[in-house]
**Student:** 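Okay, handing you the structure first.
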Amino acid sequence: METNQTDRTRPGQQYARHRTRRLRTTLLALTAAGGLLLTGCGAGGGGSNSSDSDASNRTGFPAPAVPSGGEQNDGQSSDADQDGEQTSTPADKIAPSPDYLSTFALDVDTASYGYARRVLADGERPDPSTIRPEEFVNSFRQDYDRPDGNGFTVTVDGARTDSSNWSSLVRVGLATRTADDSDERPPAALTFVIDVSGSMAETGRLDLAKKSLDEMTDRLRDDDSVALVTFSDEAETVLPMTRLDGHRGQVHDAIDELETQSSTNLGAGVETGYATATEGLRKGATNRVVLISDGLANTGDTNADSILDRIADERRDHGITLFGVGVGSDYGDALMEKLADKGDGHTAYVSNDADARKVFVDQLPQNIDLTARDAKAQVAFDPETVAQFRLIGYEDRKVADDDFRDDNVDGGEIGPGHTVTALYAVRTRPGADGHLATASVRWLDPNTRAPHEESGQLETDALHDSLSSAPARFQVTAVAAYFADTLHSPEDSEGTLPGNPGLDELASRVHTLAKKTEDTDVRQLAEAIDEARRTN
């Protein structure tokens, strides 16, 4: 059974192949009593074998032949279930939409999962507002094929579930080329903006940041450059942009002298950091600001939008991206996440030496290099085979369907070695057979800004018969999504995601997967689920 359905034909040709069938189905659906209300959320997908640098000239793909836009209904979505009975689903489980498209900006953040693990390890339940399912899903290794150069491959697969109303989980996976720490990557010009406020004195904050920066400085290449900015009640550049060739000792000395002070003027830190990065801008290098903070801003500007508005020119004219690294048992998740998203970057959370080594050393190439700019994904479900669908997560990354090919609309910045996964709960029509979905990803070349696209396909006969028969990495993805759903729900609930089996069953599944995969990350997921069961 194939799990990676791709097509080498152009997307416009792929669409034409299904267009007559879709038009017939749509006309019947629009005239049927009661109509159909479908779920359209923002989520990922693309194609692995169909590309075109002039993709913006294509029209009609993958938009299906149904109206787009329109107002949501009164909160109820109705459709016939597998036995022909009419069912009704609350709006908090399904966000009704009159089209079959799902569009979002790519996101590789993992801070939500990292922080949840930290809170659970402390014997507490994380605040539901800090739970973002896509960041749980994207925290785990995947087995997708990878491209040879910049851009993406696309994997689209799925498995049938035991849920009577939602019959499948569909996974859309995007992967960039393998991370390479060789001389092939461009030099990096990194401006570290370090929180030295009083709250950073807690063990596991500034001390962890300093140790991590020391290790990373030793790992960087001679032609890389580093600058250091600190902020408390005011911001200060303690080290201008400095090439490491012959100056590593100077960088280490500046790191060693970092000490905590008083309040947290994070806005001043970001503004000074970008000014320092602009002053030390290197042509042909990856210019990035790395913000290390607990995100507990209490002085000056504390609004992410206005902070980033003040450095808009540096971001737009020089392409300087923002990578946020969160620390601390008390963590300003919302501010850090919004800063990174709007700063064309991503976030991670570190709570111990192992996390820090993973982010600053093991994942160094993917955290400083870029292989795609303004990357967006769009999934088109076939109205003949799909009755309803629900994207799991990505609420903060939605993009209007019509903006998929508008290259002026912001997307995600993605580096080498990354994978992006979007998981959908899908309700197929009774007896559905044939084309199920087309997934596409669009991005700009990081150097030339030329647009590119890839696309992939999924047929109903490629669905695995059950979750237990799906590949191990698919099963880990499902467990991570269900776990996030449980944490995001009231404590006496097993979650709102259709088919969520609850913590006890998830624990049993993930312990089996940890043994099967021999993956430390999966073992840590098992430990986190065990901690969650104890906090119930």
**Student:** Any salt bridge between Arg132 and Asp107, counting N to O under 4.0 Å?
**Tutor:** no
**Student:** Can you check side chain to side chain contact (heavy atoms under 4.5 Å, CB included) on Arg449 and Asp407, steps first, answer last?
**Tutor:** CA-CA 9 Å; Arg449 302 192 73 84; Asp407 296 327; over 6 Å; no
**Student:** Hey, does the side chain of Arg141 reach the backbone of Asp521 with a donor-acceptor pair shorter than 3.5 angstrom?
**Tutor:** no
**Student:** Nearest 0.5 Å, please: how far is CG in Asp362 from CZ in Arg219?
**Tutor:** 6.5 Å
**Student:** Could you check whether any side-chain heavy atom of Thr438 comes within less than 4.5 Å of a side-chain heavy atom of Val156, counting everything from C-beta outward?
**Tutor:**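 No, every pair of side-chain atoms sits at 4.5 Å or beyond.
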**Student:** Heavy-atom count around Lys342 NZ within 6.0 Å, excluding the residue itself: above 12?
**Tutor:** no
**Student:** Any ion pair linking Asp396 and Lys338 (charged N to carboxylate O, less than 4.0 Å)?
**Tutor:**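 No, this pair does not count.
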**Student:** Closest heavy-atom contact between Pro128 and His488?
**Tutor:** O-CD2, 3.1 Å
**Student:** Taking all atoms of both residues into account, what is the closest heavy-atom pair of Phe231 and Asn265, and its distance?
**Tutor:** CD1-O, 3.4 Å
**Student:** Show the numbers, then the answer: is there a side chain to side chain contact (heavy atoms under 4.5 Å, CB included) between Arg442 and Gln378?
**Tutor:** CA-CA 8 Å; Arg442 182 180 179 88; Gln378 187 170 85; over 6 Å; no
**Student:** With heavy-atom distances below 4.5 Å as the criterion, would you say the side chains of Leu239 and Asp253 are in contact?
**Tutor:** no
**Student:** Indicate whether the side chain of Asp301 and that of Ser306 have a donor and an acceptor atom separated by less than 3.5 Å.
**Tutor:** yes
**Student:** Heavy atoms, side chains only, cut-off 4.5 Å: are Glu124 and Thr535 in contact?
**Tutor:**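 Answer no - side chains too far apart.
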**Student:** Would a 4.5 Å heavy-atom cut-off, applied to side chains only, mark Asp294 and Asp330 as touching?
**Tutor:** no
**Student:** Write down the atom of Ala175, the atom of Tyr144, and the distance for their closest heavy-atom approach.
**Tutor:** CB-CB, 3.9 Å
**Student:** Assess the residue pair Asp355 and Arg117 against the criterion (side chain to side chain contact (heavy atoms under 4.5 Å, CB included)); give the C-alpha distance rounded to whole Å, side-chain angles, the decisive distance to 0.1 Å, and a yes or no.
**Tutor:** CA-CA 11 Å; Asp355 290 344; Arg117 281 182 49 218; 3.9 Å; yes
**Student:** So does Val229 get a backbone contact from the side chain of Thr237, meaning a donor-acceptor N/O pair under 3.5 Å?
**Tutor:**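 The answer is no, because no donor-acceptor pair under 3.5 Å joins these two groups.
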**Student:** Ignoring hydrogens and angles, tell me if any N or O in the side chain of Thr448 forms a donor-acceptor pair with the backbone of Asp445 under 3.5 Å.
**Tutor:** no
**Student:** Can you tell me if Ser112 and Glu337 form a side-chain donor-acceptor pair at under 3.5 Å?
**Tutor:** no
**Student:** Could you grab the distance from atom CD of Glu236 to atom CG of Leu228, nearest 0.5 Å is fine?
**Tutor:**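 One finds 11.0 Å between CD of Glu236 and CG of Leu228.
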**Student:** With the threshold set at 4.0 Å, does a side-chain nitrogen-carboxylate oxygen contact exist between Asp519 and Arg473?
**Tutor:**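 Salt bridge flag = yes for Arg473 with Asp519.
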**Student:** Any non-hydrogen side-chain atom of Arg534 less than 4.5 Å from a side-chain atom of Leu120?
**Tutor:** no
**Student:** Mark yes or no for whether Asp207, through its side chain, and Arg205, through its backbone, hold a donor-acceptor pair below 3.5 Å.
**Tutor:** yes
**Student:** Taking Glu135 for its side chain and Tyr113 for its backbone only, find out whether a donor-acceptor pair lies under 3.5 Å.
**Tutor:** no
**Student:** Could you tell me the separation between the CG atom of Asp333 and the OG1 atom of Thr130, rounded to the nearest 0.5 Å?
**Tutor:**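 Answer rounded to 0.5 Å: 5.5 Å.
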**Student:** Is the shortest side-chain heavy-atom distance between Glu259 and Val196 below 4.5 Å?
**Tutor:** no
**Student:** Please check if the side chain of Ser232 supplies one atom and the backbone of Ser263 the other of a donor-acceptor pair under 3.5 Å.
**Tutor:**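 Yes, the answer is positive, given that a donor and an acceptor are paired below the 3.5 Å cut-off.
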**Student:** State whether the side chain of Tyr331 and the backbone N or O of Ser293 hold a donor-acceptor pair below 3.5 Å, judged by distance alone.
**Tutor:**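 Not at all, since once roles are kept as given, no pair shorter than 3.5 Å links the two residues.
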**Student:** List the steps, then state whether side chain to side chain contact (heavy atoms under 4.5 Å, CB included) holds for Ile320 with Leu281.
**Tutor:** CA-CA 9 Å; Ile320 302 172; Leu281 190 76; 4.1 Å; yes
**Student:** Report the C-alpha distance between Thr321 and Asp344 in whole Å, list the side-chain angles of each, state the deciding distance to 0.1 Å, and finish with yes or no for side chain to side chain donor-acceptor pair (under 3.5 Å).
**Tutor:** CA-CA 5 Å; Thr321 57; Asp344 298 327; over 6 Å; no
**Student:** Using 30° and 60° as the class boundaries, would you call the ring planes of His452 and Trp443 parallel, tilted or perpendicular?
**Tutor:**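 Answer is parallel, since the angle falls under 30°.
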**Student:** Quick check for you: to the nearest 0.5 Å, what is the distance between Phe360 atom CZ and Asp214 atom CG?
**Tutor:**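 Separation between the atoms: 11.5 Å.
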**Student:** Minimum heavy-atom separation for Ile392 and Pro133, please, with both atom names.
**Tutor:** CG2-CB, 3.9 Å
**Student:** Are any side-chain N or O atoms of Arg282 and backbone N or O atoms of Asn287, one a donor and one an acceptor, separated by less than 3.5 Å?
**Tutor:**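 No; zero donor-acceptor contacts below 3.5 Å.
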**Student:** Under a 3.5 Å distance rule, please check whether Glu413 uses its side chain to pair with a backbone N or O of Asp374 as donor and acceptor.
**Tutor:** yes
**Student:** For the CG atom of Leu322 and the CG atom of Leu339, what is their distance to the nearest 0.5 Å?
**Tutor:** 6.5 Å
**Student:** Can you find a pair of side-chain heavy atoms, one from Val108 and one from Asn138, that are under 4.5 Å apart?
**Tutor:**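 The answer is no; the side chains never approach within 4.5 Å.
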**Student:** Are Thr419 and Arg146 close enough that some pair of their side-chain heavy atoms sits under 4.5 Å apart?
**Tutor:** yes
**Student:** Can you name the nearest heavy-atom pair linking Phe136 to Ala116, along with the distance?
**Tutor:**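 Minimum heavy-atom separation between Phe136 and Ala116: CZ-CB, 3.8 Å.
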**Student:** Any salt bridge between Arg185 and Asp224, counting N to O under 4.0 Å?
**Tutor:** yes
**Student:** Using only atom types and a distance under 3.5 Å, with no angle test, would you say the side chain of Lys358 pairs donor to acceptor with the backbone of Gln363?
**Tutor:** no
**Student:** Taking atom CD of Glu202 as the centre, report whether more than 12 heavy atoms of other residues, nucleotides or ligands fall under 6.0 Å from it.
**Tutor:** yes
**Student:** Flag the pair Arg118 and Asp122 as a salt bridge only when some basic side-chain nitrogen lies within less than 4.0 angstrom of an acidic carboxylate oxygen.
**Tutor:** yes
**Student:** If you measure from OG on Ser212 to CZ on Arg357, what distance do you get to the nearest 0.5 Å?
**Tutor:** 9.5 Å
**Student:** Compare every heavy atom of Ala532 with every heavy atom of Leu487, then report the nearest pair and how far apart it is.
**Tutor:**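 Taking Leu487 first and Ala532 second, the nearest heavy atoms are CD2-CB, 4.3 Å.
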**Student:** When Val479 is tested against each of Val137, Val522, Leu525 for side chain to side chain contact (heavy atoms under 4.5 Å, CB included), which residue passes?
**Tutor:** Leu525
**Student:** Answer yes when Arg397 and Asp109 have at least one side-chain N-carboxylate O distance shorter than 4.0 Å, and no when they do not.
**Tutor:**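 Here Arg397 does not pair with Asp109 in a salt bridge, since their nearest N and O are not under 4.0 Å apart.
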**Student:** Among Leu266, Asp233, Thr264, which residue meets the side chain to side chain contact (heavy atoms under 4.5 Å, CB included) test with Asn298?
**Tutor:**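 Of the listed options, the one satisfying the test is Thr264.
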